[in-house]
There are 2 protein chains.
Amino acid sequence: MTSHPIGHEVLAAVLQIRGERLRVLVWERAMEPDAGRWALPGGRLGDDEDVETSVRRQLAEKVDVREVTHVEQLSVFSDPRRMGEGPRLIATAFLGLVPSDADPALPDDTAWHAVDDLPATAFDHDLIIDDARDRLRAKLSYTNLGFALAPGEFTISALRELYVAALGHPVSATNLQRVLTRRDLLEPTGETVPPGRAGGRPAALFRFTDRSLLVTDAFAVLRPPGRPSGTGARPVLP
Amino acid sequence: MTSHPIGHEVLAAVLQIRGERLRVLVWERAMEPDAGRWALPGGRLGDDEDVETSVRRQLAEKVDVREVTHVEQLSVFSDPRRMGEGPRLIATAFLGLVPSDADPALPDDTAWHAVDDLPATAFDHDLIIDDARDRLRAKLSYTNLGFALAPGEFTISALRELYVAALGHPVSATNLQRVLTRRDLLEPTGETVPPGRAGGRPAALFRFTDRSLLVTDAFAVLRPPGRPSGTGARPVLP
DNA sequence: ACAAAAGTGTTAGTTGTACACCCATGT
DNA sequence: ACATGGGTGTACAACTAACACTTTTGT
């Protein structure tokens, strides 16, 4: 039935907030096909790796992997013509996240581009980036995924800016703090940072209590009986 | 870098509630490897299909595809040794759902097995089934995915039994109805069904207002401002 | 003193849970 | 009549949104 060989690659949409915008790490292709267009980091799957291992290895070529705080699978892109006339290649796409204070050295052909103002992308990489952005937005709301975008310690207003940039709509600092502390996702460090030249009260520093992904609002409805709703953050689904 | 050929297959964990239990469609392998163990339907990806097309084609060999009300991608299983010593095969796994009133004719080697009492499964298919069950449970809570498990019309107590079987914990018929109607997921048909021999009030029939997947509770927190919370079911993520 | 930024208090509206109660039917 | 399953009403608790108000700093 199947006869032609099918290759398999992994691709990562690595997102970071820089300059108050949500950006994705892309590199400019020098060679055909799609020379001059911007592509996601990734490459062919090795013989002895699974896709998770492979994507982490390939990312190491673009950024210091220790800066990537979260990686998760998106979906498979398998349109037989997704690479145009070239040989068939199936891609497993990933979302990667980097905290806003990381500033990894990048190769010359590589840059952070705003996801809502993308240059021409290679192949179907724009679809993958859309998937990544949608996944991030959804999970910011019902998980503690903010930890992957934020520095180790941060003020509430800095955190608010991250959420605004990622979600694309206004977020109230007041309510953000209340929601996140009530869910025990945030804790104060006890430290404060002095205000800028315009004055203002010094801001308290916070950190995320847990830096592994937790679902904080699953079973929003149809919760098992007898359990108060704030109870029990659960390990995570896709 | 890569030299050995890598095959690609699709696999589907098709779930249905039968006899008040959540079951999965599996077939018993007759040939090695893993003869006598139970496997998910699926097979090699064809030259001119994407994975979604392929899984629907392959399912057609086991069940009447018109009975499958929902199909979505789970994740990729790519451990180099997932097929034991055989040639390497990467699997894209899917969740499929069939309404409880469907009773498709099945080949002799194929059966519905309860997901919480599985026989020995081939390869890593038990992991895929766990993924499928977890995904279903999560989405039942924050989407209208119940439509894919339920008949076209149903009583609240029948629907309650479906949720109990799928979620594995008690669900109150009262609150289930209230939650689903408040979110405008359910509407009465106006019809009723007569009670059984034990008597009781005739039950009203309901249907889901929309039979495409909608997220009803995303942005549970951090919702865009100015919008009442029940408003605006949104098209769906992963 | 005043402006600016951070943080807290208060109120109102919405949602989900629990449970009591009423309804329609068979025996 | 009474048992049985179906459906509604009500009270309560938790949560979020909105906004006014207080706190702490710089100029």
Side-chain angles (χ1 to χ4, degrees), chain A residues 140-142 153-161 163 167 169-206 216-233, chain B residues 140-142 153-161 163 167 169-206 216-233:
Chain A
L140 278 181
S141 170
Y142 65 91
E153 302 187 348
F154 45 83
T155 63
I156 295 294
S157 55
L159 187 65
R160 175 184 155 279
E161 284 177 14
Y163 276 81
L167 295 173
H169 66 72
V171 174
S172 137
T174 300
N175 295 334
L176 181 67
Q177 179 186 8
R178 235 193 288 268
V179 167
L180 295 183
T181 55
R182 198 153 31 204
R183 295 186 170 183
D184 278 321
L185 301 187
L186 242 46
E187 63 188 9
T189 67
E191 312 275 300
T192 60
V193 294
R197 33 198 169 294
R201 175 170 169 173
L205 283 172
F206 292 80
T216 57
D217 204 41
F219 297 103
V221 201
L222 307 179
R223 199 175 291 114
R227 195 176 327 169
S229 71
T231 311
Chain B
L140 278 181
S141 172
Y142 66 92
E153 302 187 349
F154 45 83
T155 64
I156 294 295
S157 54
L159 186 65
R160 176 184 153 278
E161 283 177 15
Y163 277 81
L167 294 173
H169 66 73
V171 173
S172 137
T174 301
N175 295 333
L176 181 67
Q177 179 185 8
R178 232 191 292 268
V179 166
L180 296 182
T181 55
R182 226 181 336 225
R183 296 186 169 183
D184 278 322
L185 302 187
L186 242 46
E187 64 188 11
T189 67
E191 312 274 299
T192 61
V193 295
R197 27 193 173 299
R201 176 172 167 172
L205 283 172
F206 291 80
T216 57
D217 203 41
F219 296 102
V221 201
L222 308 179
R223 200 175 290 114
R227 196 182 317 175
S229 70
T231 311

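Every value quoted in this text rests on a predicted model; they were computed, and no experiment measured them.
Atom-to-atom distance recorded for A:Glu161:CD and A:Leu176:CG is 11.5 Å, nearest 0.5 angstrom. A:Thr174 contributes atom OG1, which lies 9.5 Å from atom CZ of A:Arg160 (distance to the nearest 0.5 angstrom).
Side-chain proximity of B:Arg178 to the nucleotides C:dA24, C:dG7, C:dC19 is greatest for C:dC19. The side chain of B:Ile156 approaches D:dG7 more closely than any other nucleotide in the set D:dG7, D:dC15, D:dT25. Ranking C:dG16, C:dT17, D:dT23 by closeness to the A:Arg201 side chain, first place goes to D:dT23. Side-chain proximity of B:Asn175 to the nucleotides D:dT16, C:dA18, C:dG7 is greatest for C:dA18.
Distances shorter than 4.0 Å separate some side-chain N or O of B:Arg183 from OP1 or OP2 on C:dG16. OP1 or OP2 of C:dA6 has not a single side-chain nitrogen or oxygen of A:Gln177 nearer than 4.0 Å.
Atom P of nucleotide C:dG16 and atom NE2 of B:His169 are separated by 14 Å, given to the nearest angstrom. Computed from coordinates, the A:Leu159 CG to C:dG7 C1' distance equals 15 Å when rounded to whole Å. Nucleotide C:dG7 holds its P atom 13 Å from the CZ atom of A:Arg160, rounded to whole Å. As a whole-Å value, the separation of B:Arg182 CZ from D:dG9 P is 13 Å. Taking atom CG of residue A:Leu176 and atom C1' of nucleotide C:dA6, one finds them 14 Å apart after rounding to whole Å.
Heavy atoms only, all atoms of each residue included: A:Ala204 and A:Thr192 are closest at CA-CG2, 4.0 Å. Of all non-hydrogen atoms in A:Ser141 and A:Arg183, the two that sit nearest each other are O-NH1, 3.9 Å. Contact detail for B:Pro194 and B:Pro202: the closest heavy-atom pair is CA-CB, 4.5 Å.
Within the nucleic acid shown, A:Ser157 comes within 4.0 Å of sugar-phosphate atoms alone, with no base atom in reach, counting heavy atoms only. Within the nucleic acid shown, A:Ala204 comes within 4.0 Å of sugar-phosphate atoms alone, with no base atom in reach, counting heavy atoms only.
Looking only at side-chain heavy atoms (C-beta outward), A:Phe206 and A:Leu159 stay at 4.5 Å or farther from each other.
Non-hydrogen atoms lying under 4.0 Å from DNA chain D are contributed by A:Pro195, A:Gly196, A:Arg197, all within residues 186-198 of chain A.
Both A:Ser172 and A:Gly200 lie near DNA chain D, and the one whose nearest nucleotide falls closer to the 5' end is A:Ser172.
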Pair A:Leu205-A:Thr155, side chain to side chain contact (heavy atoms under 4.5 Å, CB included): steps then yes or no: CA-CA 5 Å; A:Leu205 283 172; A:Thr155 63; 4.0 Å; yes
